[in-house]
Structures are given as structure tokens and as C-alpha cells.
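Right, one structure below, let's go through it.
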Amino acid sequence: MLITISLKAQSTTQTVRREVVDQEMTHDPGLNLNKAHFNAPHHLITDYLNSDPPTFQRNLFIKKISLKSVAFRRAVIAPVLFTAAGLCTLDDDNDDNYEVQEERNRYIPNFRHHADDYLQHSPIMAVYGLNWLGVKGKNDFANRTAILIKSEMMMGILTFSLKRITKVPRPDTKELTSFPSGHTAQAFAAATFMAKEYGHKNIGYSIGAYTVATGVAAMRVMNNRHWVSDVLVGAGIGILSTNLAYLTHQYRWGKKNKVGQTSVMPSYDGQTGMVNIIHRIN
């Protein structure tokens with residue numbers, strides 16, 4: 001947007017006039033300004049136009065999204081499928097949970113391993129490790145970290161809320177915190193985080209991250225800590241949390257402030273002196 005201010009000085013009278021060139025401003029179709037609006041008096045304290053009081057955006061870090069948009073549908077399709085599969089398995093008329101547990105008890109009754117406690121976070125460590133090594137991801141450090149924090153918050157709220165509501169007993173200790181699997185939700189949230197940051201560079205990053213997440217889910221069942229339904233719904237929650245964090249992020253960090261350019265062009269035609277001040281607002 002260009003704003004031109006012309007200062008004229010004539011020999012017969014000493015006047016200063018400000019002219020706003022509307023044609024320069026209408027080059028941007030997104031602007032809806034006119035001369036009367038631009039020349040409206042300013043408030044001496046706030047420096048806002050009296051005819052246009054200041055407005056404030058409440059949600060600085062959450063972008064509004066349409067539930068009918070293609071991006072939203074893509075963000076929820078995988079979580080919906082995982083969650084639907086988990087809920088079907090959780091049904092009392094379905095014996096899949098118990099059948100899987102019987103197979104586990106038959107072939108690996110003494111299986112105990114704690115690798116899943118660490119692997120659930122490994123995709124996140126890989127993202128920051130790759131960035132430290134100079135492999136740039138989709139976002140800078142500030143925006144990436146903000147997205148991760150929002151994803152972790154959503155995942156945690158959904159997971160622990162459902163645990164308190166459903167109170168499904170664990171297969172080993174019978175503690176009422178089985179559904180859904182927090183480890184699995186964390187692993188798939190982290191895997192989606194890595195896929196979003198580096199999947200566009202090489203699909204191998206996405207495949208590796210989701211392979212690790214699937215391994216964590218399998219180990220939760222093999223350790224007899226969760227039912228199949230727990231890990232399926234946990235996977236859906238993890239993917240959904242990260243997808244929504246990316247979809248709604250405002251990207252307000254890490255951007256360099258663009259400084260406007262100002263040009264001063266004096267002119268004189270023998271009778272009238274003029275100074276044209278042109279300021280480009282980025």
C-alpha cells in the first residue's frame with residue numbers, strides 16, 4: 001500500500017497541503033479505504049482514528065478453522081478411523097481384547113520391557129536433533145516449539161480426561177486407568193510432529209516415526225499394560241492433537257519485522273515548490 005503526501009509551497013501564499021493519492025492505495029484489492037476515512041481526525045492520546053476505534057484479537061495463537069474445510073477433514077480422518085476401531089473393540093460383544101491377551105499370555109507371558117517409556121518421546125528428540133545438525137524442518141524453533149506445546153496440552157487433556165471418565169481396568173493391575181493408552185497417544189503425537197516437520201523432505205522420516213509409534217503401541221499390549229482398544233484410541237488422540245495444533249497455529253513467532261520504505265522527491269516548476277513523500281507500508 002502506498003501513501004503519498006505532497007507538500008506544496010507557492011510564492012503567493014504560504015500553505016501546506018496534504019494529499020493522499022487514492023489510486024496508489026487501491027492497487028491492493030484487500031483495502032477498503034477512501035479519502036474521507038483516511039483524513040478522519042485522530043485521537044490525540046491513542047493515535048487511532050476517531051471514526052475507527054481500536055479492536056483487539058482475542059485468540060492470538062489459535063487460528064479459526066472451518067469444520068467443512070478440506071484441511072480439517074484431512075486432519076481428522078485418520079484419528080476417526082483409529083478411534084472407531086478402538087471403540088468397536090471395546091464393545092462387550094467383541095472379544096478381540098481378550099483374544100489378544102490370551103495369545104500374549106500363551107507365547108510371551110513373561111515379557112517385560114521398558115523401552116516404550118523412552119521410545120514414545122524419540123521422534124521429538126529426533127526433530128530437534130536434526131535441526132541442531134543443520135537439517136532444517138518446516139518451521140523455525142519458536143513456531144515448532146509452540147506447536148509442540150499446544151499438541152502436548154491437547155493430548156494430555158484428552159487422554160487423562162477419558163481415563164477419569166471411562167475407568168477401564170488395566171489387564172495386569174486392574175487399576176482403573178487403562179483407557180486410552182497415554183504412552184501410545186504420546187508416541188503418535190510425536191510421530192505426527194516429526195512427519196509434519198520433515199515428511200516433506202523425505203518420506204522416510206514419516207515412516208520411521210510411525211514405525212516407532214506402532215512399536216510403542218505393540219509393546220504396551222505385550223507388556224500386558226493395555227488392551228488393544230486402549231492403544232487404538234490412544235493413536236487416534238495423538239494424531240488428532242498434533243494435526244489440530246498445526247492446523248490452528250497462527251505463526252506469530254520468528255518473523256522478522258518488515259520496515260516500510262519512504263521516498264522523498266522534491267520538485268519545482270518555477271512557481272510552485274513541491275515535496276512528495278511516498279511511504280510504502282508492508
Side-chain angles (χ1 to χ4, degrees), residues 58-65 71-72 74-83 86 114-132 135-166 168 177-200 205-220 225-226 230-254:
R58 294 180 179 179
N59 299 323
L60 294 179
F61 312 123
I62 301 296
K63 181 172 60 178
K64 293 183 178 180
I65 57 175
F72 179 77
R74 290 176 178 175
V76 302
I77 184 170
V80 167
L81 292 176
F82 274 110
T83 302
H114 297 287
D116 49 346
D117 293 334
Y118 310 101
L119 290 175
Q120 60 177 325
H121 303 290
S122 59
I124 296 176
M125 303 301 295
V127 168
Y128 285 94
L130 286 169
N131 191 256
W132 181 73
V135 183
K136 300 300 181 182
K138 181 180 180 180
N139 295 296
D140 55 32
F141 179 85
N143 283 290
R144 182 195 320 126
T145 303
I147 292 171
L148 177 62
I149 292 173
K150 288 189 289 186
S151 172
E152 292 289 317
M153 289 178 63
M154 283 189 282
M155 184 271 298
I157 291 173
L158 289 173
T159 300
F160 291 105
S161 296
L162 285 174
K163 284 180 180 290
R164 292 179 63 88
I165 294 171
T166 58
V168 176
T177 57
S178 186
F179 182 87
S181 169
H183 280 65
T184 305
Q186 174 61 65
F188 275 87
T192 306
F193 176 65
M194 185 171 188
K196 291 287 189 181
E197 288 296 322
Y198 286 100
H200 65 287
Y205 290 118
S206 300
I207 294 175
Y210 282 115
T211 299
V212 171
T214 303
V216 170
M219 289 188 66
R220 298 308 288 168
R225 292 291 292 161
H226 283 286
D230 302 341
V231 299
L232 288 173
V233 176
I237 290 174
I239 297 172
L240 178 66
S241 299
T242 302
N243 280 347
L244 291 182
Y246 274 90
L247 190 61
T248 60
H249 187 59
Q250 287 279 46
Y251 296 97
R252 291 191 175 266
W253 294 276

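Values below: all heavy atoms of this structure, side chains included; hydrogens, waters and symmetry mates excluded.
Here the shortest heavy-atom pairing between A189 and M155 reads CB-CG, 4.5 Å. Residue I237 comes nearest to P180 through the heavy atom pair CD1-CG, 3.6 Å, listed as atom of the first residue, atom of the second, then distance. The two atoms that bring F82 and A235 nearest to each other are CD2-CB, 4.0 Å, heavy atoms only. A pairwise comparison of heavy atoms in L162 and T166 identifies O-OG1, 2.6 Å as the closest pair. When all heavy atoms of V231 and A217 are compared, the closest pair comes out as CG1-O, 3.6 Å. Of all the heavy atoms in A191 and A213, the pair that sits closest is CB-CB, 4.0 Å.
With sequence neighbours left out, the side-chain hydrogen bond (donor to acceptor under 3.5 Å, both in side chains) criterion links T177 to R170. Every residue meeting the side-chain hydrogen bond (donor to acceptor under 3.5 Å, both in side chains) condition with N139, not counting sequence neighbours, appears here in chain and number order: E197. The side chain to side chain contact (heavy atoms under 4.5 Å, CB included) search around A245 returns I147, K150, S151, M154, not counting sequence neighbours. For the side chain to side chain contact (heavy atoms under 4.5 Å, CB included) test, residues two or more places apart in sequence or in another chain that qualify with T145 are Y128, F141, I149. Here V76 pairs with F72, V80, L240 under the side chain to side chain contact (heavy atoms under 4.5 Å, CB included) rule; sequence neighbours left out. Looking at residues two or more places apart in sequence or on another chain, you find a side chain to side chain contact (heavy atoms under 4.5 Å, CB included) between I77 and L81.
Remark: I239 CD1 to L244 CG distance equals 11.5 Å, nearest 0.5 Å. Here the CD-OG1 distance, from E152 to T242, works out to 7.5 Å after rounding to the nearest 0.5 Å. A distance of 11.0 Å separates CD of Q120 from CE of M219, quoted to the nearest 0.5 Å. Note that CZ of F193 is 4.5 Å distant from OH of Y246, once rounded to the nearest 0.5 Å.
With contacts defined as side-chain heavy-atom distances shorter than 4.5 Å, the pair T184/D230 does not qualify. Taking the side chain as every heavy atom from C-beta outward, K196 and V127 never approach each other to under 4.5 Å.
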Output, in order, the C-alpha distance, side-chain angles, deciding distance and verdict of side-chain contact (heavy atoms from CB on, under 4.5 Å) for L130 and M194.
CA-CA 10 Å; L130 286 169; M194 185 171 188; 3.9 Å; yes
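In terms of modelled atom types and a separation under 3.5 Å, the side chain of H226 and the main chain of S178 share a donor-acceptor contact.
Residues Y198 and S206 bring no donor and acceptor atom of their side chains to less than 3.5 Å of each other.
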